[in-house]
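Just passing along the structure, written as structure tokens.
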There are 2 protein chains.
Amino acid sequence: MDNLYKALADKTRRKILELLKKSDMTVNEIGKHFPISGASLSHHLDILKRARLVISEREGQYIRYSLNVSVFEDIMKNIINLLQK
Amino acid sequence: MDNLYKALADKTRRKILELLKKSDMTVNEIGKHFPISGASLSHHLDILKRARLVISEREGQYIRYSLNVSVFEDIMKNIINLLQK
DNA sequence: TAGATATTTAGACAATTATCTAATTGTATA
DNA sequence: TATACAATTAGATAATTGTCTAAATATCTA
């Protein structure tokens with residue numbers, strides 16, 4: 001859970017998730033929406049991947065990222081759990 | 001939203017929320033559960049307060065903290081929103 | 001196979017965050 | 001009012017995190 005909350009704690013990463021919910025994207029396509037280097041972007045994607053919030057799949061020369069919807073369920077459960085006695 | 005996610009990104013703070021869900025507590029009572037100084041604890045409580053995750057109320061010599069349940073609803077909505085197209 | 005493009009990895013640096021001790025503020029009570 | 005206890009604030013330091021450039025790896029195509 002720690003990885004998950006840490007991954008969500010950054011604005012850029014949340015914006016990446018927002019983009020990916022609309023459609024899967026390659027790193028390059030994602031990068032067009034941010035004023036950061038490819039290396040930094042790659043680093044953010046790595047954090048999202050470790051948190052299992054996204055899935056990556058190579059497609060020839062490109063790597064395509066998509067949301068891993070199932071993990072969002074885990075977050076929701078955890079937040080609900082923060083409230084239940 | 002940024003404050004909120006940042007507040008949740010720390011293990012100690014999530015544990016504080018876990019404690020408060022069971023019952024309201026004074027700073028001293030909360031502190032008994034953590035191996036950190038009162039000053040650090042106060043800092044964490046401040047972050048939780050700014051994120052509106054907790055509410056503080058002075059009771060004479062003590063300050064009593066409690067969960068602000070309504071904000072959890074906001075988080076849930078935001079997470080659901082990360083999924084909706 | 002060589003050159004081009006896509007992405008990641010390595011290593012350095014700057015910004016942010018968590019922690020500490022010491023000092024301060026607020027309240028209770030002897 | 002003086003002392004004790006509760007909590008916060010100030011200022012310093014160490015750890016973590018986000019960013020960069022340069023180098024490495026993977027794939028495609030001429």
Side-chain angles (χ1 to χ4, degrees), chain A residues 1-20 22-68 71 75 82, chain B residues 1-20 22-68 71 75 82:
Chain A
M1 270 299 152
D2 198 48
N3 282 348
L4 207 44
Y5 281 115
K6 285 221 167 82
L8 289 170
D10 181 89
K11 234 172 217 164
T12 298
R13 289 194 290 269
R14 289 197 304 277
K15 203 171 153 195
I16 291 172
L17 296 175
E18 291 270 359
L19 286 173
L20 291 179
K22 290 181 207 138
S23 67
D24 303 353
M25 283 179 154
T26 66
V27 178
N28 233 324
E29 286 169 336
I30 297 169
K32 284 177 193 148
H33 297 81
F34 302 94
I36 59 175
S37 71
S40 293
L41 179 57
S42 197
H43 177 238
H44 284 305
L45 290 171
D46 186 51
I47 288 169
L48 290 171
K49 209 159 40 172
R50 284 169 194 276
R52 304 197 310 121
L53 283 162
V54 302
I55 294 165
S56 70
E57 214 175 348
R58 184 172 278 280
E59 275 186 8
Q61 197 176 3
Y62 306 90
I63 295 181
R64 180 166 293 276
Y65 279 80
S66 56
L67 283 193
N68 180 20
V71 171
I75 307 171
L82 278 179
Chain B
M1 270 298 152
D2 198 48
N3 281 348
L4 208 45
Y5 282 114
K6 285 221 167 81
L8 289 169
D10 181 272
K11 235 174 215 162
T12 298
R13 289 193 290 268
R14 290 198 304 278
K15 203 172 154 198
I16 291 172
L17 296 175
E18 290 271 357
L19 286 174
L20 291 180
K22 291 182 206 136
S23 65
D24 303 353
M25 282 179 155
T26 66
V27 179
N28 234 323
E29 286 170 338
I30 297 169
K32 284 179 190 144
H33 297 81
F34 301 95
I36 59 174
S37 70
S40 294
L41 179 57
S42 197
H43 177 238
H44 284 305
L45 290 171
D46 187 51
I47 288 168
L48 290 172
K49 209 158 41 170
R50 284 169 194 276
R52 304 197 311 120
L53 282 161
V54 301
I55 294 165
S56 71
E57 213 176 349
R58 183 171 279 279
E59 276 186 6
Q61 197 176 4
Y62 305 92
I63 294 180
R64 180 166 293 275
Y65 279 80
S66 57
L67 284 193
N68 181 21
V71 170
I75 306 171
L82 278 178

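Order of the sequence lines sets the chain letters (A, B, ...), proteins ahead of strands, with each chain counted from 1.
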Next item on the list: Measure the distance from CG on A:L45 to P on C:dT8 and round it to the nearest whole Å.
Entry: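 These atoms are roughly 6 Å apart.
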
Margin query: Both A:D46 and B:T12 contact DNA chain C. Which one's nearest nucleotide lies toward the 5' end?
Written below: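 Nearest-nucleotide comparison on DNA chain C picks A:D46.
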
Note to self: What I'd like to find out is whether the side chain of B:L17 reaches to under 4.5 Å of the side chain of B:V54, using heavy atoms alone.
What the structure shows: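 Yes; the side chains approach each other to less than 4.5 Å.
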
Next item on the list: Round to a whole Å and report the spacing from CD1 of B:I16 to P of C:dA18.
Entry: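 These atoms are roughly 11 Å apart.
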
Each nucleotide N or O in nucleotides 21-30 of chain D that has a protein N or O under 3.5 Å away: list the pair and distance.
from	atom 1	to	atom 2	distance (Å)
D:dT27	O3'	A:Q61	N	3.4

Next item on the list: Give the minimum heavy-atom separation between A:S56 and A:I63, together with the two atoms involved.
Entry: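 Result for this residue pair: CB-CG2, 3.8 Å.
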
All N/O pairs under 3.5 Å across the protein-nucleotides 11-17 of chain C interface:
none

Checklist line | Over all atoms of both residues, closest heavy-atom pair of B:A9 and A:D2 | finding: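 The answer is O-OD1, 4.0 Å.
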
Next item on the list: For the helix from C:dT1-D:dA30 to C:dA30-D:dT1, measure the angle between the helix axis at one end and the axis at the other, each built from five pairs, rounding to 10°.
Entry: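 Between the first-five-pair axis and the last-five-pair axis there is 10°.
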
Margin query: Please give me the minimum heavy-atom distance between A:Y5 and A:I75, naming the atom from each residue.
Written below: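 In terms of heavy atoms, the two residues are closest at OH-O, 4.4 Å.
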
Margin query: Is there a side-chain contact between B:L20 and B:L53 in this structure, where contact means two heavy atoms from C-beta onward sitting under 4.5 Å apart?
Written below: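 Counting from C-beta outward, B:L20 and B:L53 never come under 4.5 Å.
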
Check: Once you round it to whole Å, what is the distance between P of D:dT17 and NZ of A:K11?
Finding: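 Distance, rounded to whole Å: 19 Å.
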
Checklist line | Separation of B:N28 CG from B:M25 CE (nearest 0.5 Å) | finding: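 Reported value, rounded in 0.5 Å steps: 11.0 Å.
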
Next item on the list: Using heavy atoms and a sub-4.0 Å distance, could you list which residues of residues 27-36 of chain A are near DNA chain D? By number, please.
Entry: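 Heavy-atom contacts with DNA chain D come from A:P35, A:I36.
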
Margin query: Restricting to non-hydrogen atoms, name the atom on A:L4 and the atom on A:A51 that form the minimum distance, rounded to 0.1 Å.
Written below: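 So the two residues come closest at CD1-O, 3.3 Å.
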
Next item on the list: Using a 4.5 Å cut-off on heavy atoms from C-beta on, say whether the side chain of B:L8 contacts that of A:L8.
Entry: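 Result no, sub-4.5 Å side-chain heavy-atom pair not found.
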
Check: Do B:E29 and B:L19 come within less than 4.5 Å of each other through their side chains, counting heavy atoms only?
Finding: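 Sidechains of B:L19 and B:E29: no contact.
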
Item checked: Length of the line joining B:R64:CZ and D:dT8:P, which is rounded to integer Å ->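 About 13 Å, once rounded to whole Å.
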
Note to self: Without decimals, in angstroms, what is the distance between B:R50 CZ and D:dT8 C1'?
What the structure shows: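 The answer, rounded to whole Å, is 12 Å.
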
Margin query: On a heavy-atom basis, which atom in A:H33 and which in A:K15 lie closest, and how many Å separate them?
Written below: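 That closest heavy-atom pairing would be O-NZ, 3.6 Å.
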
Notebook entry, point to check: If you measure from NZ on A:K6 to NZ on B:K11, what distance do you get to the nearest 0.5 Å?
Noted result: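 Result: 6.5 Å between the selected atoms.
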
Notebook entry, point to check: Considering the options B:I30, B:D24, B:I55, which one meets the side-chain contact (heavy atoms from CB on, under 4.5 Å) requirement together with B:Y65?
Noted result: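 In the set B:I30, B:D24, B:I55, the residue that makes a side-chain contact (heavy atoms from CB on, under 4.5 Å) with B:Y65 is B:I30.
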
Item checked: Phosphate contact (D:dA6 OP1 or OP2) by B:Y65 side-chain N/O below 4.0 Å ->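 Indeed not, no polar side-chain atom of B:Y65 lies that close.
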
Next item on the list: Let me know the distance between CE of B:M25 and C1' of D:dA6, rounded to the nearest Å.
Entry: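 One finds 16 Å between C1' of D:dA6 and CE of B:M25, rounded.
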
Check: Sequence neighbours excluded, which residues qualify as side chain to side chain contact (heavy atoms under 4.5 Å, CB included) partners of B:H44?
Finding: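 Testing B:H44 for side chain to side chain contact (heavy atoms under 4.5 Å, CB included), a comparison that skips the adjacent residues, returns B:D10, B:T12, B:R13, B:I16, B:I36.
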
Item checked: Interatomic distance where CD belongs to A:E57 and P belongs to C:dT8 [whole Å] ->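 So the CD-P distance, A:E57 to C:dT8, works out to 14 Å.
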
Notebook entry, point to check: In whole Å, what is the span from the OH atom of A:Y5 to the P atom of D:dT17?
Noted result: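 Spelled out: OH on A:Y5 to P on D:dT17 is 17 Å.
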
Next item on the list: Determine which pairs satisfy salt bridge (charged side-chain N to carboxylate O under 4.0 Å, His left out) with at least one residue from residues 30-56 of chain A, sequence neighbours left out, and list them in order.
Entry: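 Passing the test, one end in residues 30-56 of chain A: A:D46-A:R50, A:R52-A:D74.
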
